[in-house]
Every structure is written in structure tokens, then in C-alpha cells.
There are 2 protein chains.
Amino acid sequence: MSLPSFVRLIEVGPRDGLQNESQPISVADKVRLVDALSAAGLGYIEVGSFVSPKWVPQMAGSAEVFAQIQRKPGVTYGALAPNLRGFEDALAAGVKEVAVFAAASEAFSQRNINCSIKESLERFAPIMNAAKQHGVSVRGYVSCVLGCPYEGAVSPEQVAWVARELYDMGCYEVSLGDTIGTGTAGATRKLFEVVSANIPREKLAGHFHDTYGQAMANVYASLLEGIAVFDSSIAGLGGCPYAKGASGNVATEDVLYLLKGLGIETGVDLDALIAAGRQICDVLGRPSGSRVAKALNAQ
Amino acid sequence: MSLPSFVRLIEVGPRDGLQNESQPISVADKVRLVDALSAAGLGYIEVGSFVSPKWVPQMAGSAEVFAQIQRKPGVTYGALAPNLRGFEDALAAGVKEVAVFAAASEAFSQRNINCSIKESLERFAPIMNAAKQHGVSVRGYVSCVLGCPYEGAVSPEQVAWVARELYDMGCYEVSLGDTIGTGTAGATRKLFEVVSANIPREKLAGHFHDTYGQAMANVYASLLEGIAVFDSSIAGLGGCPYAKGASGNVATEDVLYLLKGLGIETGVDLDALIAAGRQICDVLGRPSGSRVAKALNAQ
């Protein structure tokens, strides 16, 4: 299989990243981040999450962020909507694309959202209906695709089932997430091989965490399997909730560096991305989690 | 090409790693590190360097380190010997294997050792002769194989020439080093494809730096090209002299985690390796550069 000639990068820093940073940041800083990311050429930015601020205080103010960003034509500004209430709030905020989440591990589903995988999928039905009615597109996430913090191994067949359910429900794309970062390159290839027997490859995305240093090898392994959409986080924002102090989301800058090296187009400008990352790291008072950013900023 | 079933890990932390740490450490701490690494199952440890302490103060005391380590049967304890004087000192210290270094970039060779590549290779002739005479094996390193800090791109054909020269001179193995870490997976594959037309693949090793976050993808790319020997550094010891604060050598723990995931044998025990890394990081007062170590130590 030849490598894709174009890769879509899905920037999850403002949502998945900031959600896992201990320090909450202001609406103004979030808006500045989202606008810097769209200016850098990213075509999809996950801006926030419509959940109870009681559960995820970092995501408070997502509606204000949506109201204040400068919408660049051609850019999709997505939001997580875990339930109908969240979907309605997102809709009211002018959101045109939402994302829903299911786990590939029963234990994770039970512990995380207190219901079985099947029940969690059933709960999406009203969101899917409402989304269809309002012309909102829905992206699906599957978590724990290469391992679960509670039950260990997760079979590719189980992932394929959950992914297919989301796809059949109407998700236009399904992102497979290695939530705890224990996946390695061979398992990643096997996963996409199995799942793509159920869903067209071009409807799948890879979402890798660098907790065990494997994310970049897994991105490359996915590219070799014909996967052409990747979730990543500016400056590697977001840690790993299962190992404090460890790395989380793979950094967008590092993925872009790989893709540029492979001659794969993305439409994203590395220098502008580095600048966006530097800005948010200054706000958070943390070093960048991107090694490319560290190296270039050190020069 | 199928993945190798066994990979030899060449541990360069005590030499290449510590040499690039700003803080010098005692002979006793070096000895403890080397012994912990052999106990973890590593079959090759680059212990030190026989160079003038005026140039590389961190490598002072290499002879004492060799005198004090507990030599484990079957383990190779190597040392860098850049010239005949260094070789003689190594020999006097009981070293049975030395390594020599050449650059693939003319500009780097001139700036680093003040002579052309060809001249640097000619200077190895007396070392090779002496080594043969004393039954000492010689490993060759080529630096800047995927980029040079002074001249940028380096062609695979140029690397192939330097590597072949070292091989023909009597080096039993040639390690190709991405000194500045700018190489990406496609270039890595191309490099091994070109060089292995000149030298049998099983005589080649990969040496990757993670400065731009590409090392793990490059290791995987090399495995796909049939490369089965990798240099790596415990806890990612050693920074990048060309970008202060940036990552340097790929961490042994992270490479091992990948290999274990791929079902490739190494004979190395991950837990013992993590313990060895924790010990030296405590001595240096720095966090581990291994993401596997960070994740496991956080649990």
C-alpha cells in the first residue's frame, strides 16, 4: 500500500489537550489559541466540549469561545457533545460538527460513564437524530483501542464492532484512540487491518498518545496501512490521566514534521504552528511537549 | 521483508549519553551504571572514551571504570578510540572492542575534527592495524547520515561510501547515526536501502536521535528494512549539542518497549532497565528522557 499524498490533521489541543491540563485558562486565551491554529492552516479544530463544568471545569466557557473565534472559511470547528443536553448547547452556540465518544473496553465504559458499551451507543441515538435534523455532522471516537487501564488487552474485533456501530449510526468518520498509549506499531497495523474490513479505510482516523513513546511509530505504521487522518495536539497539550507527569497526546508539530519528511501534504505551516504552541505554553507556564518545537525554539 | 526476530541493543548511555550531559559524574557512579546495564541483560555497553580529558572532561576516568566494572561473560564492553594514542590507552585498560567515528558530511568533518572525511578515514589505518594485531574488534560509526548541522542534506550515496570504507577497513559493523535527529521514516528506509547495496544488511546498525521526535518512527522504519541492531541510551541520556535543551539519543527503554510489542527478542529485562535508568537520573538530578520510564515510574 502506498502512503497517502494528503493527510488531514485534526487538532484536538483546545479540547482534549486543555481538558487534561491541570490549569484552567481564560476564554480569551482559548480564542487566541483557536485563531492561531486556524491561521496556521489546520482544517479541523476541536474547540471545546459541551459538558457540565462540574465534571470538566477546564471546558467551561466553550459557548463563549465559539462566539468569539474568527471563523475561517473551510475550517471545521468541532465540539464534544456527550449527551443530548450537550448537543443542544452546542447547537445553540452555532456548532456545526460534534463528536461522540464510546469505549472499546467494557471495564472502561463502566468505570468512566457507568454503563455498558451497548448502552452508551444507544444513548447516542437521540444525538444522531437531532444532528441529522439540524444538518450537524458527527464524528465518532473510540477510546482504549489498543489497551485499557482496567482490563489490559482489547481485541481488534471488539474495536471493529464499536467503530462499525458508530459508523452505521451516522458518524462520517471514526477516530480510533490509543487512550493509554500502550499500543505499538505491529498492533496498530493489525488494528487498522481488522477495522478496515468493516469500514472503509478513508473513514478512519488514528489518535495516538505518546505515554510510552510509541505515538510517532504508530502514526507511521498507520500511514503504511493507508490511514490519512490523524488527531494530534498542539505542543502535546494534555497529559495522561492514568500516569501523572507522563506524556499524553502526540504533538501536532512532531506529526507534521514526519509528514513533511515523507512528502505528504497537509496545508499546515510548521512555523505558524510552532508560534501557536509557544503562545499557549507561555500562558500555561509549561514547556512544550513537542520535540520539534523544543529543538526549533532552542536554536 | 519480515521483521527481525532478535534485535541487538547497543547501550551507548555511559559514553555517548554521559558525554553530552553537562554534569560530570564519578567513576563509582559510572561503574554502578555499567553493572546495572549488564545485569539488565544488555549484551553490548559502550563504557567510555579514550580521549584527552581536556576535550571531553566527562570521559575522564574511563580506564578506572574499565578496571572496576564487573565483567559479565558474554557482554561486550566497548570504548571509543579516536586515534592511536586513545587505542593504546584502551588496550592498556583491557578493552577488547573499540569504536571509530567518521562523518558523512565534509563540512561536519572539517568543523569537528579539522580534516576531510578521506583524511579521517586514513587516520584510522594505524588503529585498524593495531587492533588486528591485538585481536581487538572495531565498530564503525558514521555520523550525520540524515542531515548535517552545517550543510543540511547528506546523500545516501555519500553515507554508503563512508560506511563501505569503514567496512573494508575491517569494521565488523557500521552504525549509521542521525546525529542531529532531522531524519524521517522515508529517508531512513531509503538510506538503508542504498547502504545495504554496498554492505550486508546484518552488518549495519541504526543510531537515532529524538531531537525532532522522529527516533521511534525511524527505528520502526529500519526494522522494516531488516535492520536488527540499534544504538540507544538508557533514560535518553545525552542531549543534542546543536539545540540546547532538546532531546538527544533515543531512550533504550522506549526502543525496548517497541520491540517487546512487536514480539522481537532482545534478552533485556524492562524492569531492570527502568531501575538502572532511575538510579543514574537520581545521580544526575534530571528527569528521565524515557517516556516509558516516566509512565511506569508515575504509576
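In what follows, every heavy atom counts, from backbone to side chain, and hydrogens, waters and symmetry copies are set aside. So that the names make sense, note that chain A is the first sequence line, chain B the second, and so on, each numbered from 1.
- Taking the six-membered ring for Trp and thresholds of 30 and 60 degrees, B:Y212 and A:Y257 have nearly parallel ring planes, at less than 30 degrees apart.
- Proximity to chain A is absent for every atom of B:A293, based on heavy atoms less than 4.5 angstrom apart.
- Of the atoms belonging to A:N218, not a single heavy atom falls under 4.5 Å from chain B.
- For chain B, the nearby parts of A:A185 are the backbone and the side chain; heavy atoms of each come within less than 4.5 Å.
- Of all the listed residues (A:G213, A:G181, A:A215), the one sharing the greatest number of non-hydrogen pairs under 4.5 Å with chain B is A:G213.
- Distance check, rounded to the nearest 0.5 Å: OG1 of A:T184 to CE of B:M216 gives 9.0 Å.
- B:T211 places none of its side-chain heavy atoms less than 4.5 Å from the side chain of A:R291.
- Using a 4.5 Å cut-off between heavy atoms, B:N297 does not touch chain A at all.
- Between chain B and the options A:D210, A:L262, A:L3, heavy-atom pairs under 4.5 Å are most frequent for A:D210.
- The candidate from B:V250, B:V255, B:V292 with the greatest count of non-hydrogen atom pairs under 4.5 Å with chain A is B:V292.
- A side-chain donor-acceptor contact under 3.5 Å links A:Q214 to the backbone of B:D254.
- The side-chain heavy atoms of A:Y220 and B:L224, taken from C-beta on, include a pair separated by under 4.5 Å.
- Of the two parts of A:L259, neither the backbone nor the side chain holds a non-hydrogen atom closer than 4.5 Å to a non-hydrogen atom of chain B.
- Heavy-atom distances place no part of A:S290 under 4.5 Å from chain B, backbone and side chain included.
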